[in-house]
Amino acid sequence: MKKAIKRLVCLALVVAFVLSLAGCAKINYVTNGTIQAIQEVKSGEWQNAGGAEGEGEDVNYDEPVIDEFKAGTYGGIDFQSVEDVANFYVEAYNYSKTLTAQYKDKEGNTQTYYKLLGEEDLQVGDILIDGSSNSMIDNLVPGIVGGLYSPGLNGLVPSTNRDPKLDTDEWDGAGEPLTTSRLVADDLVTANVTDNGDGTITIKLQPKAVDMSAPGKDAQGHVFQSLGAIDKTVDSISVLTWAEGTTADNCKVNYHGGVATVTVDTKTKEIKSGEYVMLAYVSVTHANVAVLKDKSASLTVTMKWTYPASAEYLQSSKGVTLIG
């Protein structure tokens, strides 16, 4: 996921803090604080990407949210365990990412990208300040974030690029390749398979909960393009300080309950379509923002990737056109 996503998540928290003053006689301060937070994103003052830890001790986040696995034959393929499902998914993922297609970029040059590219969507919700919701914050923050958010265009997640040569677990392309899946059965809470009766099967995967996930690095990052570390991003926000503790103590990101759904041609093992829905629960405690002291805030980030991307999305998001 691009650095901009992490900046937008942090922006949402800052704006929520600042807007919580709206009930006070400090409207100008609220407005100025909000504008300052937004301008820091636009001007590039938030230069660094960093890390944050997950939240929620003594809570079982690995309750199944999809149907449990049932052994059987689906689409002519025998699945006797979740491990069989994971292994088949890996085969399908790896094969699908060997497939490329020719595209025309916005400069008119011909480029070779993954055949299966996806649409990306970001939603921010469940915003709480000191454990309470506020209708104005609920209405304004998602709109502000949405106005600054630029959807990406990548291969099957956790891909960080549409170009196989640049698709690595580091945003600058210098990391280890993500052209093959790192998923193993132990990454999953559960999985299931459905026979569609048309030569395809649908696989659902629910990865285990992870704190501070990164693409390609853990159970969530083996399935989704997770946020990665965000502590340096948080530290770069000039209006934010801590009443006590450090960024690592006070900024938490927990991933759980997300589901990947893919439809696979059983003969070719090509993934024909998919929807990946990742849920990240972000919380900040002991924060000082402007005149607000020792406050807490939380929000939910929902990232959705849908495959294949439509021609309209390719063109509108990145100026890309499929050739042929």
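Between the NZ atom of K165 and the OH atom of Y113 there is a distance of 9.0 Å, given to the nearest 0.5 Å. Put simply, OG1 on T202 and CG on D195 are 9.0 Å apart, with the number rounded to the nearest 0.5 Å. Taking OH of Y74 as the reference point, atom CD1 of I201 lies at 10.0 Å (rounded to 0.5 Å). If you take NZ on K97 and NZ on K115, they are separated by 15.0 Å, rounding to the nearest 0.5 Å. Here the NZ atom belonging to K293 is positioned 15.0 Å from the NE2 atom belonging to H286, to the nearest 0.5 angstrom. Rounding to the nearest 0.5 Å places CD1 of I323 at 4.5 Å from NZ of K104.
Across S296 and G131, no two heavy atoms sit closer than the pair OG-N, 4.3 Å. Of all non-hydrogen atoms in E275 and T306, the two that sit nearest each other are OE1-OG1, 4.1 Å. Shortest non-hydrogen contact noted between P142 and I137 is CD-O, 3.8 Å. Heavy atoms only, all atoms of each residue included: F224 and V259 are closest at CZ-N, 3.6 Å. Listed here is the closest heavy atom pair of A92 and V264: CB-CG1, 3.8 Å. Between E170 and T160, the shortest heavy-atom distance links the atoms O-OG1, 4.3 Å.
Side-chain atoms of N154 and S159 include no donor-acceptor pair closer than 3.5 Å. E91 and N94 share no donor-acceptor pair across their side chains, judged by distance under 3.5 Å alone. Judged purely by distance below 3.5 Å, without hydrogens or angles, the side chains of Q123 and D121 pair a donor atom with an acceptor atom. No hydrogens or angles considered: a donor-acceptor pair under 3.5 Å links the side chains of N254 and D211. Looking only at atom types and distance, the side chain of D249 has a donor-acceptor partner in the side chain of T246 under 3.5 Å away.
Here D218 does not pair with K208 in a salt bridge; the nearest charged N to carboxylate O distance is not below 4.0 Å. Ion pairing between a basic and an acidic side chain is recognised when a charged N comes within 4.0 Å of a carboxylate O; K272 and E270 show such pairing. Taking the charged nitrogens against the carboxylate oxygens, K267 and D265 have no contact shorter than 4.0 Å, which rules out a salt bridge. Taking 4.0 Å as the cut-off between side-chain N and carboxylate O, D169 and K217 count as a salt-bridged pair.
Remark: side-chain polar atoms of D62 are paired, donor with acceptor, to backbone N or O of A209 under 3.5 angstrom. No donor-acceptor distance shorter than 3.5 angstrom exists from the side chain of Q225 to the backbone of P158, with no hydrogens or angles considered. Judged purely by atom type and a 3.5 angstrom limit, E244 has no side-chain atom pairing as donor or acceptor with the backbone of A287. Of the possible polar contacts, none joining the T200 side chain to the N196 backbone as a donor-acceptor pair under 3.5 Å is found. Judged by distance alone, with hydrogens and angles left aside, the side-chain atoms of S310 form a donor-acceptor pair with the main-chain N or O of Y313 at under 3.5 Å. Put simply, the side chain of N192 never gets that close to the backbone of F69: no donor and acceptor are under 3.5 Å apart. Side-chain atoms of T190 do not come within 3.5 Å of backbone N or O of E68 as any donor-acceptor pair. Using a distance-only test at 3.5 Å, with no hydrogens or angles considered, a donor-acceptor pair links the side chain of S96 to the main chain of I271. Within the 3.5 Å criterion, the main-chain N or O of Y95 finds a donor-acceptor partner in the side chain of T98. For N161 (side chain) and D167 (main-chain N/O), no donor-acceptor pair under 3.5 Å exists by modelled atom type.
The shortest distance between side-chain heavy atoms of S298 and I127 does not fall below 4.5 Å. M278 has its side chain within reach of S226: a pair of non-hydrogen atoms, C-beta onward, lies under 4.5 Å apart. Side chains of L156 and Y93 form a contact here, defined as non-hydrogen atoms less than 4.5 Å apart. At a threshold of 4.5 Å between non-hydrogen side-chain atoms, the residues V277 and T302 count as touching. The side-chain heavy atoms of K252 and V282, taken from C-beta on, include no pair separated by under 4.5 Å. Counting heavy atoms from C-beta on, the side chains of Y89 and L183 come closer than 4.5 Å. A heavy-atom distance below 4.5 Å is found between the side chains of W242 and V284. Within the 4.5 Å cutoff, side-chain heavy atoms of L153 are placed close to those of L314.
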* Worked verdict on D163 versus T112 for side chain to side chain donor-acceptor pair (under 3.5 Å) -> CA-CA 7 Å; D163 185 337; T112 300; over 6 Å; no

* To do: Show the numbers, then the answer: is there a side-chain contact (heavy atoms from CB on, under 4.5 Å) between E120 and K304?
  => CA-CA 6 Å; E120 180 181 283; K304 180 186 291 185; over 6 Å; no

* To do: Show your working on salt bridge (Lys or Arg N to Asp or Glu O under 4.0 Å) between D187 and R182 and close with a plain yes or no.
  => CA-CA 10 Å; D187 290 332; R182 303 175 190 177; over 6 Å; no

* Check the pair V301 / L122 against side-chain contact (heavy atoms from CB on, under 4.5 Å), numbers first and verdict last. => CA-CA 7 Å; V301 178; L122 165 71; 3.3 Å; yes

For residues 79-86, dump all side-chain donor-acceptor pairs below 3.5 Å to protein atoms at least two apart in sequence or in another chain.
unit_1: Q80; atom_1: NE2; unit_2: D78; atom_2: OD1; d: 2.7
unit_1: S81; atom_1: OG; unit_2: E83; atom_2: N; d: 3.4
unit_1: S81; atom_1: OG; unit_2: D84; atom_2: N; d: 3.1
unit_1: D84; atom_1: OD2; unit_2: Q80; atom_2: N; d: 2.7
unit_1: D84; atom_1: OD2; unit_2: S81; atom_2: N; d: 3.4

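Note on L116 and V223: same hydrophobic cluster, where clusters join Ile, Leu, Val, Met, Phe, Trp and Tyr whose side-chain heavy atoms are under 4.5 Å apart, directly or indirectly. The hydrophobic clustering, which links ILVMFWY residues whose side-chain heavy atoms are closer than 4.5 Å, places L188 and F88 together. I66 and I203 fall into different hydrophobic clusters, where Ile, Leu, Val, Met, Phe, Trp and Tyr side chains are chained together by heavy-atom contacts under 4.5 Å.
Taking the six-membered ring for Trp and the full ring otherwise, the centers of Y255 and Y61 sit at least 6.0 Å from each other.
By the 30° and 60° cut-offs, the orientation of the rings of Y276 relative to Y307 is perpendicular. Relative orientation of the H256 and Y281 rings is parallel, given thresholds of 30° and 60° on the angle between their planes.
For the ring pair (Phe, Tyr, Trp, His ring centres under 6.0 Å) condition, no pair includes a residue of residues 180-222, sequence neighbours left out.
The number of heavy atoms from other shown groups lying within 6.0 Å of NZ (K204) does not exceed 12.
Members clustered with L166: none, using a 4.5 Å side-chain heavy-atom cutoff among hydrophobic residues.
Because its NZ or CZ atom is not both nearer than 6.0 Å to the ring centre of Y114 and within 45° of the ring axis, R162 does not count as a cation-pi partner of that residue.
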